[in-house]
Amino acid sequence: MKIGYPCINTSVECRGNRTFRLATYSEEKLIKTAGSNIDCLKSILSYNISHGILFFRISSDIIPFASHPVMDSDWQDYFRSDLEEAGEIVKSSGMRISMHPDQFIVLNSPREEVVSRSIAELEYHADLLNLMCLDASAKVQLHAGGRYGDPESAKNRFVSVYRERLPEKVKKRLVIENDDRIYPVKDCLDISEKTGIPVLFDYFHHGLRSHGEDLPGLLEKTFATWRRSDGVPMVDYSSQEPGSRPGTHARTLDRQNFIDFIQKSGNYDFDIMLEIKDKEKSAEKALRILEHDPRLVTRWTS
DNA sequence: GGGCGTCAAGCGTAT
DNA sequence: ATACGCTTGACGCCC
């Protein structure tokens, strides 16, 4: 079991997700910004290793505008050795990596231009992980898309796009995740059945939108969708920030909620991404809990 | 050198 | 029909 956090580290000086305005795009700016993002990624990876954090989500902004039509330089070639070095840090430490394209990436949209842009963006994510020379256990996680008033047709559109249009390099990394409003786990499992795509279980989203299934049963079903080459299943974890509107991620790890989740989750091995606002601080907190709480110590064998 | 309107992209929901 | 939230920040124009 590995513990991770997404995209931003608040303890290091640098930022690995800096960007700039499309209106001021230039190749020079791209190289400068992406170069500094990659440098920062290396610093964050080193920080993670020295703090025992072996799971990390890389920001989609690392190469700004990578899949945008404005991009006319060969960023892959330019940053090849830098990315290879970053990948070497990951591999030599046994770290796990994920990425999460944002809400604009919708494979089942009825609008063709949305679908083709989304595919291009997924290709960028796959290219980046390939340039880091990471194996198929480094995943790109995506929500299943919109409902458009007819969920069955919408889900079938996802299946068709997956089967007919996604290149192999994307398929080997893509996983789908239940979201908080549109598609709960059950729909993701339906899509998985038809495509073989692994399902990433999001515990917080599940609490907000589900069919009332019990946790161990759902973990068993989602985990069964992961093949050996996919690595151990990934799970997203968060909890409700008290006093904020439902769906707001916690500011910091809720110790008791986290312990409850781990205890309820049985004896499966999986990697946990903490979607909590204080980032690496909560990851460190979670590690301390797992290492020192006698009730959880059997879960913490690695 | 600080203030603040705005940022590539899409959904569903509330109003 | 339009604004808002989504991880919220931070870019960069304006004074």
Side-chain angles (χ1 to χ4, degrees), chain A residues 4-10 12-26 28-30 32-34 36-37 40 44 56-72 75 98-125 141-151 153-155 157-158 161 176-184 187-188 200 202-205 208-209 236-241 244-253 273-283:
Chain A
Y5 64 97
C7 304
I8 293 168
N9 179 305
T10 65
V12 299
E13 290 293 314
C14 61
R15 293 264 150 187
N17 60 339
R18 293 190 48 230
T19 184
F20 53 92
R21 296 284 90 96
L22 178 60
T24 62
Y25 183 91
S26 70
E28 192 193 349
K29 209 172 239 187
L30 169 77
K32 193 162 151 270
T33 308
S36 100
N37 284 344
C40 187
I44 294 174
F56 183 67
R57 184 185 296 164
I58 297 175
S59 168
S60 297
D61 283 336
I62 185 157
I63 314 288
F65 306 108
S67 73
H68 191 278
V70 77
M71 171 67 69
D72 60 354
W75 65 268
S98 67
M99 296 186 80
H100 192 343
D102 58 26
Q103 64 265 37
F104 311 107
I105 310 311
V106 183
L107 286 180
N108 74 345
S109 173
R111 295 170 52 200
E112 169 52 30
E113 68 275 19
V114 173
V115 178
S116 48
R117 272 203 308 266
S118 295
I119 294 172
E121 178 76 354
L122 290 176
E123 291 192 64
Y124 146 61
H125 283 74
Q141 63 187 88
L142 190 67
H143 296 297
R147 247 198 330 263
Y148 310 99
D150 181 358
S153 311
K155 284 193 283 180
R157 274 205 304 283
F158 185 101
V161 170
I176 44 171
E177 174 195 359
N178 56 304
D179 63 74
D180 55 345
R181 305 170 302 152
I182 307 170
Y183 289 119
D187 296 291
C188 295
L200 188 156
D202 186 311
Y203 178 67
F204 185 42
H205 289 166
L208 294 161
R209 182 163 165 76
D236 281 359
Y237 167 86
S238 189
S239 66
Q240 175 64 38
E241 173 64 18
S244 297
R245 44 177 283 288
T248 304
H249 290 249
R251 191 180 41 77
T252 188
L253 188 81
M273 177 58 63
L274 302 173
E275 295 190 317
I276 306 221
K277 287 181 187 166
D278 65 1
K279 306 290 178 182
E280 81 288 351
K281 294 194 173 68
S282 278

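Every chain is numbered from 1, with letters handed out A, B, ... down the list of sequences. Values reported hereafter were calculated over all heavy atoms of this structure, with side chains retained and with hydrogens, waters and symmetry mates removed.
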Between [N] ([atom2]) and [X] ([atom1]): distance, integer Å:
{"X": "Gln141(A)", "N": "dC6(C)", "atom1": "CD", "atom2": "P", "value": "18 Å"}
{"X": "Asp278(A)", "N": "dT7(C)", "atom1": "CG", "atom2": "C1'", "value": "13 Å"}
{"X": "His143(A)", "N": "dG5(C)", "atom1": "NE2", "atom2": "C1'", "value": "13 Å"}
{"X": "Ile276(A)", "N": "dT7(C)", "atom1": "CD1", "atom2": "P", "value": "13 Å"}
{"X": "Asp61(A)", "N": "dA10(C)", "atom1": "CG", "atom2": "P", "value": "11 Å"}
{"X": "Glu241(A)", "N": "dC6(C)", "atom1": "CD", "atom2": "P", "value": "12 Å"}
{"X": "Met99(A)", "N": "dT7(C)", "atom1": "CE", "atom2": "C1'", "value": "15 Å"}
{"X": "Arg251(A)", "N": "dT7(C)", "atom1": "CZ", "atom2": "P", "value": "17 Å"}

With sequence neighbours left out, write down each residue that passes ring-ring contact (aromatic ring centres under 6.0 Å, His included) with [X], or none if nothing qualifies.
{"X": "His125(A)", "value": "none"}
{"X": "Tyr237(A)", "value": "Tyr203(A), Phe258(A), Phe261(A)"}
{"X": "Tyr148(A)", "value": "none"}

Is any side-chain heavy atom of Met273(A) closer than 4.5 Å to one of Pro6(A)?
yes
Can you find a pair of side-chain heavy atoms, one from Cys188(A) and one from Glu177(A), that are under 4.5 Å apart?
no
Closest approach of Ser59(A) to Gly16(A) (non-hydrogen atoms, all atoms of both residues):
CB-O, 4.3 Å
Whenever both distances are under 3.5 Å in a Watson-Crick or G-U wobble pair, mark it; put DNA chain C into dot-bracket that way, with [ ] for crossing pairs and | when the partner is on another strand.
||||||..|||||||
With [X], which residues qualify under side chain to side chain donor-acceptor pair (under 3.5 Å), at least two apart?
{"X": "Ser153(A)", "answer": "Asp150(A)"}
{"X": "Asp187(A)", "answer": "Lys155(A)"}
{"X": "Thr10(A)", "answer": "Glu280(A), Lys281(A)"}

For residues 101-116 of chain A, tabulate all N or O donor-acceptor pairs below 3.5 Å that involve a side-chain atom, not counting sequence neighbours.
| unit_1 | atom_1 | unit_2 | atom_2 | d |
| --- | --- | --- | --- | --- |
| Asn108(A) | OD1 | Gly146(A) | N | 3.1 |
| Asn108(A) | ND2 | Gly146(A) | O | 2.9 |
| Asn108(A) | ND2 | Ala154(A) | O | 3.3 |
| Ser109(A) | OG | Arg111(A) | N | 3.0 |
| Arg111(A) | NE | Glu113(A) | OE2 | 3.2 |
| Arg111(A) | NH2 | Glu113(A) | OE2 | 3.2 |
| Glu112(A) | OE1 | Arg165(A) | NH1 | 3.0 |
| Glu112(A) | OE2 | Arg165(A) | NH2 | 3.0 |
| Ser116(A) | OG | Glu112(A) | O | 3.1 |
| Ser116(A) | OG | Glu113(A) | O | 3.4 |

Using salt bridge (Lys or Arg N to Asp or Glu O under 4.0 Å) as the criterion, list what pairs up with Arg57(A), not counting sequence neighbours.
Asp236(A), Glu275(A)
Working note: Phe158(A) + Ile176(A), criterion side chain to side chain contact (heavy atoms under 4.5 Å, CB included); need CA distance, chi angles, decisive distance, verdict.
CA-CA 11 Å; Phe158(A) 185 101; Ile176(A) 44 171; 3.6 Å; yes
Integer angstrom distance from the [atom1] of [N] to that of [M]:
{"N": "dC4(C)", "M": "dT6(B)", "atom1": "C1'", "result": "16 Å"}
{"N": "dG3(B)", "M": "dG5(C)", "atom1": "P", "result": "24 Å"}
{"N": "dA3(C)", "M": "dC7(B)", "atom1": "P", "result": "14 Å"}
{"N": "dA8(B)", "M": "dC14(C)", "atom1": "P", "result": "15 Å"}
{"N": "dA10(C)", "M": "dC11(B)", "atom1": "C1'", "result": "24 Å"}

With a 4.0 Å cut-off (strictly under) to non-hydrogen atoms of chain A, the first and last hit nts on DNA chain B, 5' to 3', are dC7(B) to dT13(B)
Reckon His249(A) touches a base, only the sugar-phosphate, or nothing at all at heavy-atom distances under 4.0 Å?
sugar-phosphate
Hey, does Tyr148(A) reach any base, or is it just sugar-phosphate, or nothing, if we go heavy atoms under 4.0 Å?
sugar-phosphate
Any sub-3.5 Å donor-acceptor pair from Gln240(A)'s side-chain atoms to Ala250(A)'s backbone N or O?
no
So, does Asn178(A) use its side chain to make a donor-acceptor pair with the main chain of Asp202(A) at under 3.5 Å?
yes
What nitrogen or oxygen pairs link the protein and nucleotides 12-15 of chain C at under 3.5 Å?
| unit_1 | atom_1 | unit_2 | atom_2 | d |
| --- | --- | --- | --- | --- |
| dG12(C) | OP1 | Arg21(A) | N | 2.5 |
| dG12(C) | OP1 | Thr24(A) | OG1 | 2.8 |

Kindly give the atom pairs (protein nitrogen or oxygen, nucleotide nitrogen or oxygen) under 3.5 Å for nucleotides 1-4 of chain C.
none

Specify the residue among Ile8(A) and Gln103(A) whose closest nucleotide of DNA chain C lies further upstream toward the 5′ end.
Gln103(A)
Examine Trp75(A) together with Phe65(A) and report whether their ring centres are nearer than 6.0 Å.
no
